[in-house]
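Notes follow the structure.
Counting starts at 1 for both ligands and their atoms, in listed order. Note that the numbering runs from 1 along the sequence shown for the chain.
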Amino acid sequence: MKPASPISLTINGQHALVREGATLLDAARSLGIVIPTLCHIPLLPARPVCRVCLVHVEHDGAVGLRTACSTAAEEGMEVRTEAEEAVKARLFVLELLLADHPADCVPNERGSRCELHLLARRYNLSGGRFDRHRAPFPIDDSHPFIRLDLNRCILCRRCVRACGEIQGHHVLGIAERGDRSLVIADDGRSLGRSTCVSCGECVAYCPTGALVERLPAWPEGAGALEAVTTICPYCGCGCQLDLQVQAGRVIKVGSNFDGPANKGSLCAKGRFGYQFIHSPDRLKAPLIREGHGFREATWEEALDLVARRLLEIRACHGPDAVGVVSSAKATNEENYLLQKLARAVLGTNNVDNCARLCHAPTGTALLAAFGGPAATNSFEDLEQAQALLVVGSNTTEQHPIAALPMKRLVERGIPLIVVDPRQIELARLATVHLAIRPGTDLAVLNGMAHVILGEGLWDQGFVHERTEGFEEMRAAVRRYPPEVAAPIAGVDGDLLCRAARLYASRRPSSIYYTMGVTQHTSGHQTVLALANLALLTGNLGKPGAGLNPLRGQNNVQGACDMGALPNALPGYQSLEDAEVRAKFEAAWGREIPQRPGLALTQIFGGEPRQPIRGLYLVGENALLTEPDMTTTEAVLRGLDFLVVQDLFLTETAKLAHVVLPAASFAEKDGTFTNTERRVQRVRRAVEPPGQAMADWQIVCALSRRLGYPMAYAHPREIMAEIARLVPIYGGISYERLEAAGLQWPCPRPDHPGTPILYTRRFPRGRARFHPVDWLPPAEVPDADFPLVLTSGRTLFQYHTGTMSRRSEGLNLLEPEPFVEVSRVDAQRVGVSEGQVAAVVTRRGRILARVRVEEGVPPGVIFTTFHFAEAPANRLTNPALDPIALIPEFKVCAARLERVAGGTGAVPTCCG
Ligand code: SF4
């Protein structure tokens with residue numbers, strides 16, 4: 001289709017050329033002309049409310065005032081933004097607004113700007129002709145993070161639209177009419193008692209300070225705020241944000257509307273979960289074990305001890321007796337150095353990261369199916385999908401920003417199919433919800449493929465031209481007609497057929513999935529089944545299509561990209577390939593072992609093949625994150641030498657012989673790679689506390705003592721080395737990353753990056769179908785343990801709580817361990833909402849507060865792993881997927897027990 005010709009118009013006598021559909025506001029901005037607005041949100045269609053953007057327009061003989069935000073530019077228009085009658089109308093509006101606005105509402109050094117007063121200042125308005133006509137409102141201080149002062153509200157509706165149309169929460173609204181109108185939460189309750197999820201989008205868009213963050217008292221003379229743009233340290237969405245810094249402290253987090261993944265939006269953790277940076281219990285000096293406790297040490301003493309002990313263990317037991325656990329919270333550069341330290345310095349491939357616990361099957365299966373181990377598409381092009389299949393992902397709680405385009409699709413009427421045992425928020429929005437029994441995803445996916453093949457809904461052209469292995473896959477899928485697949489999963493067969501038809505017949509269709517798919521003994525096979533579906537329907541290499549794992553931690557994608565894996569060199573280059581090894585050996589000047597190392601789960605599962613005796617563990621609270629905590633603890637305690645490098649004295653660090661204090665994301669430079677393969681800059685905003693140092697600096701200092709100097713003055717030099725050795729990062733440099741970041745593969749300095757993979761070819765040539773069969777989970781319910789326990793994250797806490805539990809506000813919102821149970825099971829066990837109950841499996845017992853949830857099916861209970869006092873991984877099954885070596889976190893047999901007097905605080909009880 002021929003692109004439409006650009007539209008030509010003049011604004012204030014200057015010539016503008018804009019695309020069809022552009023507004024007068026867009027046209028003015030393209031020329032750098034500022035038209036004031038108070039209600040406009042660039043991401044949303046215009047709904048003129050404030051009428052401050054009135055401009056004078058002459059066109060086709062007609063003359064008049066128009067709202068610039070909502071008037072489409074037309075050929076030949078003549079626009080004057082400061083024409084006398086336009087300014088007069090604007091001033092009239094401003095005077096009306098000022099009449100009801102407190103005079104002290106001015107922009108201040110804390111960054112709470114008041115756009116109304118900025119405008120008044122621009123037009124030399126100090127008050128107005130009108131008297132106040134609204135009665136004063138009480139200030140609403142009921143919310144842990146947000147203060148609502150309706151006296152400052154100008155009813156621009158930005159907060160209402162941001163809450164509803166950007167975040168999809170629809171908590172805020174407008175009540176009453178005329179001059180009695182006001183912003184309300186839900187049905188008019190206080191913000192703190194409303195269904196607000198604390199994303200802070202309303203704060204980000206409020207122009208006047210009616211909705212602001214609740215901040216501690218402001219020190220006199222503290223100086224102006226400085227905004228440092230960086231990346232959120234929590235989940236893998238990769239949200240860009242601005243740390244607002246004053247006097248060396250992060251005061252608050254602001255939206256950065258240029259963030260390519262999030263466009264200014266954040267979730268509660270990203271916007272309000274930053275208190276851990278300045279927590280008083282940050283580690284400030286190296287610690288050395290002394291008896292049952294620790295004593296502070298100098299860096300020299302601590303690092304000398306670490307180097308000596310690691311070298312001794314290597315000398316006595318060989319290089320494979322030591323291991324390195326790298327960190328999905330550390331930067332790409334730090335992960336690169338950590339695996340280099342393991343391979344080139346210590347001489348072992350025993351290096352892994354926590355991707356082993358979340359998306360290892362994504363890596364193994366997508367490499368097998370496509371030849372590439374990552375998400376195929378970007379959040380932005382999801383908006384073009386005509387159907388969306390979400391499998392095993394509670395996206396609104398675990399990746400809240402990734403859920404935003406999903407919710408927008410639903411609002412546009414695009415079918416959403418959700419496969420998940422629980423009635424999560426997305427399931428409530430879904431066209432079809434397949435509420436499967438935990439661990440039966442693969443049967444459902446094969447059943448869907450059966451329907452797609454049987455009804456001729458597959459893309460024969462794509463399959464013929466770009467794939468192989470079709471017949472073997474078809475033979476396997478024949479074993480899963482809906483009448484077989486649906487009973488395995490415990491879902492309605494007609495619903496399964498409908499899901500298949502919706503996904504296959506409305507193209508492009510996109511698939512998103514997370515740990516509900518991968519954390520099973522059949523995780524690898526289930527990801528292959530998802531790949532089969534995408535290939536069968538030709539849903540790859542196009543906008544709005546694809547197969548997209550949502551990565552768990554902020555830089556788990558990057559940790560894998562950097563080769564913090566026991567079987568791959570950086571950039572997924574094969575350890576077995578002699579040429580590849582030779583390339584790294586030449587660059588590093590050391591021989592690289594060829595034998596793959598131990599995976600995380602083999603190290604902590606006590607792999608008998610080659611027990612680890614010395615472990616260097618960075619940024620990972622393994623005691624709480626590994627399955628079967630009893631075994632993990634025994635392995636950690638049994639080590640000859642354990643060194644832990646972290647921000648805090650975590651439960652794991654307490655078991656170490658040496659603890660090294662590390663800098664947080666806010667205290668260092670580097671890069672993170674998000675779930676879209678987008679490499680983005682992390683920037684130092686404040687100094688680390690005490691003697692803490694960035695992980696990359698600690699690795700360099702340690703490496704020197706191990707006899708292998710690593711001389712990097714800045715992480716940009718490490719990235720330059722990465723670009724030389726890792727083809728998918730070949731074109732990436734700090735200079736190029738300054739703006740929006742780059743999505744790999746980016747092989748050359750002039751390459752623009754790759755938002756969508758496999759548009760023309762797959763890295764392995766043709767993509768491969770795989771025949772896959774369903775197997776039951778390793779542990780299924782029985783008479784002693786009649787329930788299925790499944791676990792995951794929640795919205796207001798994160799992983800082992802190391803960061804999020806240092807936020808008072810997040811703790812108020814999610815204060816204690818809980819177990820969700822269906823009404824049926826609660827009655828059967830004799831527990832009720834709010835009571836404390838015991839969750840018991842073959843491996844242990846924890847106590848948690850009972851939540852009776854309609855969305856939890858009978859036979860299933862759900863808990864989280866955020867609370868050290870009730871560690872879910874005391875319960876979980878360490879059975880591994882044989883290929884990806886991921887544990888079956890998502891299914892184990894359990895029972896719920898009443899406990900005596902179970903109504904007070906949740907006591908700690910493990911055993
Ligand atoms: Fe941070 Fe993830 Fe929330 Fe974005 S969605 S703000 S990356 S936790």
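- Every residue two or more places apart in sequence or in another chain that forms a side chain to side chain contact (heavy atoms under 4.5 Å, CB included) with Ala427 is listed here: Val418, Gln423, Ile424, His433.
- Applying the side chain to side chain contact (heavy atoms under 4.5 Å, CB included) criterion to Ser733, with sequence neighbours excluded, gives Glu735, Arg736.
- Atom 3 (Fe) of ligand 1 has Cys267 SG as protein N, O or S atoms under 2.8 Å away.
- Listed by chain and residue number, nothing satisfies the salt bridge (charged side-chain N to carboxylate O under 4.0 Å, His left out) test with Asp441 (two or more places apart in sequence, or in another chain).
- A tilted orientation is assigned to the rings of Phe862 and Phe818, their planes being inclined by 30° to 60°.
- The aromatic rings of Tyr572 and Trp744 sit tilted, their planes meeting at an angle between 30° and 60°.
- The two residues Cys358 and Ile886 have their closest heavy-atom pair at O-CD1, 3.5 Å.
- Counting atoms of ligand 1 from 1 in the listed order, those under 4.0 Å from a heavy atom of Gly238 are 7 (S).
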